[in-house]
Amino acid sequence: MKSEPHVYSFENLVNDKTTHWDGVRNYQARNFMRDKMKIGDFVLFYHSNHKPPHVAGVAKVHKEGYPDFTAFDSESKYFDVSSTPDNPRWIMVDIEAVTPLNSIVSLADLKENPELEDMLVVQRGQRLSVQPVDKRHFDEVLRMSGTTI
DNA sequence: GCCAACGTTGGC
DNA sequence: GCCAACGTTGGC
C-alpha cells in the first residue's frame with residue numbers, strides 16, 4: 001500500500017496503531033481491498049513521492065473491506081455523490097502497524113534486485129496505490145531490510 | 001518542474 | 001463503441 005509520507009507516514013501509523021485506508025478511488029485498487037485482503041494479511045507500507053521512494057514498514061490487515069464512509073461526506077475531499085450507504089461504491093480496509101523495517105528498502109534497491117524483477121511496484125507506469133505482493137517478493141524485501149516479523 | 005503512463009469523461 | 005481531451009500519479 002502506497003502513501004505519501006507527508007500526508008500519512010508509517011510513523012503516523014505506528015503512533016495511531018491502526019488506520020482506515022480511505023480515499024482510494026480506483027476500481028482495481030478497490031477490488032483488491034474488497035476481495036483479496038484478509039485479516040492478518042501482511043502489507044508492505046510504501047512511501048511514494050519521497051526522496052527516495054521506499055518501503056518503510058510492515059503492517060497487517062486489521063479489518064476487512066467495508067464501505068469508505070468518506071465518500072458519503074459532502075465535506076470530504078473524497079466525497080462521491082454516486083456512492084451511498086445503501087449502495088456504496090468505494091471500499092476501504094483497516095490496517096495496523098507491525099514493525100518498521102530495520103533499514104528502509106528504496107525503489108532503486110528493489111529495481112536492482114533480480115529476484116524482484118516481476119514485482120509490480122518496479123514495473124513502469126505502475127500507479128496503483130493498493131497492489132498485491134507475492135510472498136516470495138515480500139520475504140525478499142524483508143530479507144533485504146534485515147527485518148524479521 | 002517535467003512528463004510518461006495511465007484512468008476517466010463525454011461528445012459523437 | 002471510439003477516441004480526444006483532460007486529470008492524476010509519481011518517478012526522475
Side-chain angles (χ1 to χ4, degrees), chain A residues 1-16 18-37 41-61 64-95 97-147:
Chain A
M1 302 180 94
K2 299 183 188 173
S3 183
E4 302 188 20
H6 69 272
V7 177
Y8 193 86
S9 68
F10 188 77
E11 191 173 40
N12 292 139
L13 179 61
V14 169
N15 290 334
D16 293 345
T18 71
T19 195
H20 45 83
W21 205 258
D22 61 4
V24 171
R25 296 293 177 267
N26 171 285
Y27 289 104
Q28 215 179 337
R30 178 205 66 181
N31 293 349
F32 288 130
M33 292 197 289
R34 185 188 62 192
D35 304 333
K36 300 297 186 190
M37 297 177 72
D41 285 353
F42 288 114
V43 172
L44 294 177
F45 195 109
Y46 179 88
H47 284 166
S48 59
N49 258 331
H50 188 266
K51 291 182 182 180
H54 63 275
V55 181
V58 178
K60 64 180 179 182
V61 177
E64 293 177 10
Y66 63 106
D68 181 343
F69 50 77
T70 63
F72 310 144
D73 176 5
S74 61
E75 301 295 303
S76 169
K77 66 173 176 172
Y78 298 126
F79 178 63
D80 181 349
V81 69
S82 59
S83 184
T84 64
D86 283 346
N87 189 16
R89 173 169 299 192
W90 304 113
I91 297 293
M92 60 186 173
V93 297
D94 290 359
I95 60 171
V98 174
T99 181
L101 294 190
N102 196 39
S103 61
I104 64 167
V105 179
S106 72
L107 180 60
D109 294 334
L110 298 176
K111 288 182 171 176
E112 276 180 11
N113 186 338
E115 298 291 323
L116 302 179
E117 65 180 353
D118 297 329
M119 193 175 178
L120 281 178
V121 75
V122 307
Q123 310 303 315
R124 70 198 312 256
Q126 178 50 64
R127 301 184 308 165
L128 278 186
S129 59
V130 179
Q131 53 185 247
V133 178
D134 286 354
K135 182 172 190 304
R136 64 192 175 93
H137 293 151
F138 180 90
D139 291 344
E140 177 63 9
V141 172
L142 258 61
R143 189 198 63 73
M144 292 166 75
S145 71
T147 307

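Letters go in sequence order (proteins before strands), and every chain restarts at 1.
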Item to complete: Check the distance between dA5(B)'s C1' and Leu120(A)'s CG and give it to me in whole angstrom.
Response: 15 Å

Worksheet entry | Side-chain donor-acceptor pair present, Ser48(A), Arg127(A), cut-off under 3.5 Å | no

Discussion item. If we check side-chain contact (heavy atoms from CB on, under 4.5 Å) with Leu13(A), which of these qualifies: Ile95(A), Val43(A), Val98(A)?
Written reply: Ile95(A)

Discussion item. Between Glu64(A) (side chain only) and Lys36(A) (backbone N and O only), is there a donor and an acceptor less than 3.5 Å apart?
Written reply: no

Worksheet entry | Whole-Å distance separating the CD atom of Glu4(A) from the C1' atom of dG11(C) | 12 Å

Worksheet item: Any idea which of dA5(B), dG7(B), dC12(C) is nearest the Arg124(A) side chain?
Response: dA5(B)

Discussion item. Between C1' on dG11(C) and NZ on Lys51(A), what's the gap in Å once rounded to a whole number?
Written reply: 10 Å

Discussion item. Output the rounded distance in Å from CG (Leu107(A)) to P (dC12(C)).
Written reply: 5 Å

Worksheet item: For the pair made of CZ in Arg89(A) and C1' in dG7(B), what is the distance, rounded to whole Å?
Response: 14 Å

Worksheet item: Rounded to the nearest Å, what distance is computed from the CG atom of residue Leu128(A) to the P atom of nucleotide dG11(C)?
Response: 13 Å

Worksheet, complete the sentence: Ranking dA4(B), dG11(C), dC6(B) by distance to the side chain of Ser48(A), first place goes to dG11(C)

Item to complete: State whether Lys111(A) places a side-chain N or O below 4.0 Å from either non-bridging phosphate oxygen (OP1 or OP2) of dC12(C).
Response: yes

Item to complete: Report the distance from atom NE2 of His6(A) to atom C1' of dG10(C), rounded to the nearest whole Å.
Response: 11 Å

Worksheet item: Once you round it to whole Å, what is the distance between P of dT8(C) and CD of Gln126(A)?
Response: 19 Å

Item to complete: Mind telling me whether Tyr27(A) and Trp90(A) have parallel, tilted or perpendicular rings, with 30° and 60° as the class edges?
Response: tilted

Worksheet, complete the sentence: Side-chain atoms of Tyr46(A) come closest, of dT8(B), dG11(C), dT9(C), to dG11(C)

